[in-house]
Amino acid sequence: MRQQNLRVVNPELKVAPKKKEERPKALEQTDFFPELRYMGSKRRLLPWIHEILATLDFETALDPFSGSNSVSYLIKAMDRRVVSSDFLNLSATLGKALIENSSVHLDGPAMKRLLAEPANTHHFIEETFSGVFYTPEDLKFLDRVSCNIRQLDDSAQQALAMGALMRSCVKRQPRGVFTISGDLSKYDDGRRDLRLSIEEHFFEQVKVFNEAVFANGRRNKAGREDVFKVGTSGADLVYLDPPYVPRADDNCYIKRYHFLEGLSCYWQGLDIDFSTKVRKIPKRFTPFSYRREAVEAFERLFQHFKKQKIVLSYSSNGYPDLDQLTEILKKTKKDVRVFKRDHTYHFGTHSKVKRASVEEYLIVGQ
DNA sequence: ATCACCCCGTTTCCGGTCGT
DNA sequence: ACGACCGGAAACGGGGTGAT
């Protein structure tokens, strides 16, 4: 405890607690959300998104680009029914653990089974990623737990354990992306997360995921659907956070998170490209990644959700630009409003390099 | 209360190939 | 020639923490 805290202060005079009381309950719950270091994550924007969602009348929300599931988590915390989906299995897994699951935890018996030495151990991860990521002990541990996860009876427990395992892997990496490999000692700045083994992380992350589980009195769902195949019946709002075409770059999530996507299904049915240094899996197609197809993709997207209120998350970095997007949205929605907010990246790159200041948008159409 | 030091993010850059 | 695409990696300052 700090010295200053020992000073006697009249609690009535303190201002800070008053502020705390004013913070919405839903946002308090989002403090428990286990963030991945995920590209495009809206976690820091959750208070702003909450503010705008709170003005809208809806009972059931779709989140078909769920990603890290942070916005689904927020909407669940706002006591609405949530249907979360993504075309990545890692996102669907996080959704099953934190959105669909309301009550299941990883208890003692489950942990015992997860950590047991399996009868017939597979060595796929150890054999494939030796010298690429992690230590041999870490890789052996990943093989062991991966095998044991599939032996659990409860699918929510499986998802929770996989979520904890994925977050352990992310924390053990010096950067949030799986594009750097080999000798990563130059990135070692002494931080605690790099000193812990994946096994040590796993124990911590199981606790974190257990504490993140909550119920909101609704039957929430999480799945892995293409956005154009997501069912819309019964939903009155859709939150859309599609990948966007960057100005001069790509937005491929597989290239950054291939390891987590593979891990989430133990690379079942996935082809590994051994010509790549980091053992990548094939990129998955989405029209939102291509300049040629993005405009048409948005037209189809808005058409697909023509009966729902649309809340579209977007940034000034993207193509097509805000004006084009609002014009497209006006084809299916009478009332289109744009909320803007400056987004300063807390971390990141190249302050010497000139770049357009980024504005985040929420475009609401109803 | 101040300040040095530690932690750590994630977009953007770079150099290359491919397709037209 | 040109832009799209791809694999891979760098950047550097904000914010937290603990010692003083």
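Throughout, protein chains are lettered first and strands after them, A, B, ... in sequence-line order, and every chain is numbered starting at 1. Any value given below was found using the heavy atoms of this structure, including those in side chains, with hydrogens, waters and symmetry copies removed.
Applying the 3.5 Å distance criterion, the base of C:dG7 shares a donor-acceptor pair with the side chain of A:Lys255.
As rounded to whole Å, 14 Å separates atom C1' of C:dG8 from atom OH of A:Tyr257. At whole-Å resolution of the value, CD1 in A:Ile254 and P in C:dC5 are 17 Å apart. In this structure, CG of A:Leu36 is placed 13 Å from P of B:dT11, rounded to the nearest angstrom. Distance NE2 (A:His258) to C1' (C:dG7): 10 Å, rounded to an integer number of Å. Rounding to whole angstrom units, CZ of residue A:Arg256 and P of B:dT12 are separated by 10 Å. A:Ile180 places its CD1 atom 16 Å from the C1' atom of B:dC14, with the value rounded to the nearest Å. To the nearest angstrom, P of B:dC8 lies 10 Å from CG of A:Leu196. When the P atom of B:dC7 is taken as reference, atom NZ of A:Lys171 falls 13 Å away, rounded to whole Å.
Residue-level contact check: A:Thr276 touches the backbone only, with heavy atoms under 4.0 Å from sugar-phosphate atoms and none from bases. A:Tyr290 comes within 4.0 angstrom of the backbone, heavy atoms only, and of no base.
For A:Arg279 and A:Phe129, the positive end is not near the middle of the six-membered ring at less than 6.0 Å and at most 45° from its axis. Cation-pi check for A:Arg150 over A:Tyr266 is met; the charged atom lies under 6.0 angstrom from the ring centroid and within 45 degrees of its normal.
Side-chain nitrogen and oxygen atoms of A:Lys277 include at least one within less than 4.0 Å of the OP1 or OP2 phosphate oxygen of C:dA9.
Sequence neighbours left out, the pairs with a member in residues 132-145 of chain A that pass salt bridge (Lys or Arg N to Asp or Glu O under 4.0 Å) are A:Glu117-A:Arg144, A:Glu126-A:Lys140, A:Asp138-A:Arg172.
When each of A:Tyr239, A:Phe87, A:Phe288, A:Tyr244 is checked for a ring-ring contact (aromatic ring centres under 6.0 Å, His included) with A:Phe65, only A:Phe288 meets the rule.
Both A:Asp193 and A:Thr179 lie close to DNA chain B; mapped to their nearest nucleotides by heavy-atom distance, the more 5′-ward contact belongs to A:Asp193.
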